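In what follows, a single structure is set out as structure tokens and then discussed.
This is a predicted model, so every value here is computed, not measured.
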There are 4 protein chains.
Amino acid sequence: MTDASLSRAERQKQQLRAEIIQAAFAEFSARGYHQTGIADIAKRLGIGHGTFYRYFENKRDILEHVINEVSRQIMETLAAENAPGAAGSLAEYREQCRRIGNRFVAVMAENPDMIRMVLFEATSVDAEMTNRIMLLQEFGARITAEYLAHGVKQGFLRADLDAEATSHAVIGLLLGGALRFLYKPDDVEGRERLVEATLRLLIDGVRKDG
Amino acid sequence: MTDASLSRAERQKQQLRAEIIQAAFAEFSARGYHQTGIADIAKRLGIGHGTFYRYFENKRDILEHVINEVSRQIMETLAAENAPGAAGSLAEYREQCRRIGNRFVAVMAENPDMIRMVLFEATSVDAEMTNRIMLLQEFGARITAEYLAHGVKQGFLRADLDAEATSHAVIGLLLGGALRFLYKPDDVEGRERLVEATLRLLIDGVRKDG
Amino acid sequence: MTDASLSRAERQKQQLRAEIIQAAFAEFSARGYHQTGIADIAKRLGIGHGTFYRYFENKRDILEHVINEVSRQIMETLAAENAPGAAGSLAEYREQCRRIGNRFVAVMAENPDMIRMVLFEATSVDAEMTNRIMLLQEFGARITAEYLAHGVKQGFLRADLDAEATSHAVIGLLLGGALRFLYKPDDVEGRERLVEATLRLLIDGVRKDG
Amino acid sequence: MTDASLSRAERQKQQLRAEIIQAAFAEFSARGYHQTGIADIAKRLGIGHGTFYRYFENKRDILEHVINEVSRQIMETLAAENAPGAAGSLAEYREQCRRIGNRFVAVMAENPDMIRMVLFEATSVDAEMTNRIMLLQEFGARITAEYLAHGVKQGFLRADLDAEATSHAVIGLLLGGALRFLYKPDDVEGRERLVEATLRLLIDGVRKDG
DNA sequence: TATGAATGAGTCTTCATTCAT
DNA sequence: GATGAATGAAGACTCATTCAT
């Protein structure tokens with residue numbers, strides 16, 4: 001994202017831009033989008049709040065960028081490292097799911113506010129923003145569907161599995177898990193049990209000869 | 001809720017009170033809590049906005065009542081008719097799940113804004129309100145856990161099932177399904193496929209000898 | 001004020017009217033005119049606040065009647081019993097002043113809110129009402145001037161006394177004393193010392209051969 | 001109060017702050033505290049009413065500052081120039097009283113609304129503010145008591161003078177005089193007669209061998 | 001006649017956004 | 001480019017007053 005060919009001033013600008021997004025994320029998460037003023041974001045960075053408007057159009061604009069950033073991280077989490085076609089057997093598939101699950105858990109544990117941001121704050125602004133969140137879900141579902149379809153083709157998931165419909169159910173599983181982070185952020189044991197239960201439910205629910 | 005022993009005036013008051021809650025629900029769902037003014041609610045009913053304050057303390061208060069009403073409906077939907085201990089076999093259990101699922105779908109289909117209200121709007125107001133929503137989830141999970149524990153005891157769900165942890169996963173399934181109603185309110189076919197896929201995932205994921 | 005020839009209903013009406021004035025006085029004194037609502041007055045009497053408007057035009061109107069009542073009491077206190085021409089010597093004059101002073105103190109001690117009402121509340125409403133309070137002062141000054149003029153004529157007050165101007169100064173003495181009741185309602189000893197000091201200042205300040 | 005070391009912007013800010021206090025004083029005096037809106041104050045200065053809130057917390061806050069300013073001026077008037085211990089004889093004492101009296105008259109004549117502000121408006125807001133006004137009186141009384149006590153010690157005021165109690169009576173004299181300014185702002189002759197009569201009453205009322 | 005439900009004018013206050021310095 | 005002073009639209013809430021029952 002940062003380019004070595006940029007001038008020093010240009011890089012500083014990019015840097016501040018990123019910091020504003022970070023600060024906005026922090027404030028929006030902590031107090032909520034509607035309860036946060038532009039001045040709060042600026043104050044957190046120690047800059048004048050007029051400066052904010054040199055980097056972003058308006059309050060809605062910064063939310064957009066915050067959500068973009070969070071979306072990017074979530075999508076990376078779900079998509080990275082594990083190609084849908086990597087698993088060749090149910091055991092490998094189970095391992096792949098566990099890896100993704102653990103990665104998802106790790107990211108959420110590190111920053112539980114990400115889920116609050118996309119599910120609670122972004123969805124209270126306007127239809128367009130809510131729609132973006134829905135598309136994010138859709139994206140997750142599509143990735144998931146590919147995994148499932150691959151498993152069916154490979155023969156270790158049951159042949160009559162409705163990959164597309166099931167993928168939405170799987171996204172629900174992820175959502176349910178994520179919400180537990182918000183309600184009980186410190187319940188590490190409960191979280192691990194939830195991961196296990198979810199994986200078991202998922203694998204047993206989709207595998208062949210289940 | 002309405003009492004035949006109440007005077008005519010008293011009944012009219014109860015009636016208007018209920019209508020204000022209805023109107024507030026409609027406005028909050030349509031434009032969002034933060035984008036809705038008390039005047040909007042009053043205008044929808046054709047009453048003066050001062051009248052609103054004869055029935056509710058303030059904006060936060062009406063939200064509370066709206067959420068109470070929605071919560072009540074959701075809890076009724078999940079809890080009514082089907083006792084956790086009613087199923088005696090996997091087949092009966094499957095039927096029970098399908099009945100609950102269909103009922104849930106029917107309620108959501110009739111009023112998809114209920115989920116928007118609890119998941120999107122209520123969660124953007126303050127910590128206390130968000131917590132209430134979390135408790136609603138918790139309630140759903142507890143009911144679900146009873147169903148699961150019963151199945152384990154009866155022997156048609158696998159003995160090593162972690163009923164409590166799994167119940168949270170099941171709530172996620174419900175949530176995921178509900179969100180589809182918001183994104184694609186008119187996709188009846190997709191909805192039916194999702195119900196089927198979710199039931200299949202759930203049953204196969206928990207049943208014995210899975 | 002109440003007339004035996006009035007019908008029973010009429011007398012009840014007069015009675016309630018008087019009670020409303022009493023209640024308004026109590027509320028205005030306790031919370032202040034601007035902080036008191038018509039509903040507060042009605043609630044104190046246990047009547048509907050619509051009823052209020054059957055007895056008084058509006059909020060301003062009830063204040064007018066409260067002030068009239070208080071004015072009447074104050075004027076009675078100052079004027080009653082002691083005719084300006086009653087004193088024939090300095091000693092008698094001193095006794096007369098002491099009697100009036102004690103009477104004034106007794107009335108204020110019984111109801112210190114009277115002074116608050118006329119000096120603090122009534123004067124914060126509008127020019128017309130403030131003017132009425134000023135006229136009340138004027139009335140007090142005129143009575144006082146008569147006492148003083150009489151003393152000059154009788155020869156026990158100094159011949160060059162400016163009765164009219166001095167009368168305003170004397171009203172100031174009364175005011176100053178009255179304010180002490182509000183600030184230190186329970187300082188009985190201080191009050192008695194103030195009465196003594198005021199009388200001494202007054203008598204020595206106006207007597208002949210001073 | 002203004003500091004030469006302040007930046008230009010800082011000085012302008014101080015300036016506007018002072019102007020807002022001035023404007024608030026003018027509006028509160030003219031229409032009354034309760035009848036004055038923040039918008040009225042802003043309009044008088046030709047500034048947006050949002051600007052007001054950059055300088056003062058709320059309506060109550062500006063009143064506090066107005067009263068502080070008026071209090072300061074009144075206390076300066078009463079306390080400045082004339083040390084309580086300056087007079088060495090009754091003649092000097094009389095001159096001192098006349099100087100203070102004239103100064104007081106001059107200040108009141110220039111701005112008769114000061115007395116309206118402290119006595120009428122401030123006392124109609126809440127108990128705390130009323131108490132501040134009482135303390136202002138108390139302050140005046142204490143200064144006065146020092147003058148009186150000094151006179152007693154010097155021997156030109158009578159030995160049995162109750163300086164403290166009498167001081168409250170003297171404050172009453174000042175109050176009574178001040179109220180005349182409000183009722184008859186243009187009666188210069190009456191005012192001079194009142195000053196004379198008050199001084200005479202005061203001096204004769206406290207001097208030795210009276 | 002008494003009531004209190006309904007009303008909306010009026011006011012405070014916040015905060016996103018602009019722009020002169 | 002950065003700043004923060006200024007702005008006013010917007011919105012929550014109160015309460016005196018009216019009037020149907």
List for me each residue that meets side chain to side chain contact (heavy atoms under 4.5 Å, CB included) alongside D/Q22, sequence neighbours excluded, and say none if there are none.
none
Minimum side-chain heavy-atom gap D/T123-C/L119 below 4.5 Å
no
Note, D/N111 side chain near D/V70 side chain (heavy atom, < 4.5 Å)
no
Show, in sequence, the C-alpha distance, side-chain angles and deciding distance for B/S124 and B/H34, and conclude whether the side-chain hydrogen bond (donor to acceptor under 3.5 Å, both in side chains) test is met.
CA-CA 9 Å; B/S124 73; B/H34 295 283; 3.2 Å; yes
Assign each of C/G46 and D/R60 to its nearest nucleotide of DNA chain E by heavy atoms, then name whichever residue's nucleotide is nearer the 5' end.
C/G46
Listed pairs under 3.5 Å, donor-acceptor, residues 44-55 of chain A side chains, sequence neighbours left out:
unit_1, atom_1, unit_2, atom_2, d
A/R44, NE, A/E27, OE2, 2.6
A/R44, NH2, A/E27, OE2, 3.4
A/T51, OG1, A/G48, O, 3.3

Select base, sugar-phosphate, or nothing to describe what B/Y55 touches, counting heavy atoms under 4.0 Å on all strands.
sugar-phosphate
5' to 3' contact window, DNA chain F with chain D (heavy-atom distance under 4.0 Å):
F/dG4 to F/dA9
I need the residues from residues 30-43 of chain D with at least one non-hydrogen atom less than 4.0 Å from DNA chain E; give them sorted by number, or say none.
D/T36, D/G37, D/I38
Contacts of B/Q12 meeting side chain to side chain contact (heavy atoms under 4.5 Å, CB included) (sequence neighbours excluded), chain-then-number -> B/R8
For A/E10, all residues meeting side chain to side chain donor-acceptor pair (under 3.5 Å), sequence neighbours excluded:
none
Would you indicate whether the side-chain heavy atoms of B/I21 and B/F56 approach each other to under 4.5 Å?
yes
Five pairs per end, C1' atoms only: what is the angle between the end axes of the helix from E/dA2-F/dT21 to E/dT21-F/dA2, to 10 degrees?
0°
Quick one: CG on A/N68 to CZ on A/R72, what's the gap to the nearest 0.5 Å?
9.5 Å
C/E57: partners by salt bridge (Lys or Arg N to Asp or Glu O under 4.0 Å), with sequence neighbours left out
none
A/D113: what forms a side chain to side chain donor-acceptor pair (under 3.5 Å) with it, not counting sequence neighbours?
A/R116
Sorted by chain and number, sequence neighbours left out, salt bridge (Lys or Arg N to Asp or Glu O under 4.0 Å) with B/D126 holds for B/R60
Grab the CG-P distance between A/L63 and E/dA16 for me, whole Å please.
13 Å
Could you check which residues of residues 47-54 of chain A get a heavy atom under 4.0 Å from DNA chain E? Sort them by number, please.
A/H49, A/Y53
What residues, two or more places apart in sequence or in another chain, satisfy side chain to side chain contact (heavy atoms under 4.5 Å, CB included) together with A/A24?
A/F28, A/I41, A/I62, A/V66
Atom pair distance, as rounded to whole Å: NZ in A/K59 and C1' in E/dA16
8 Å
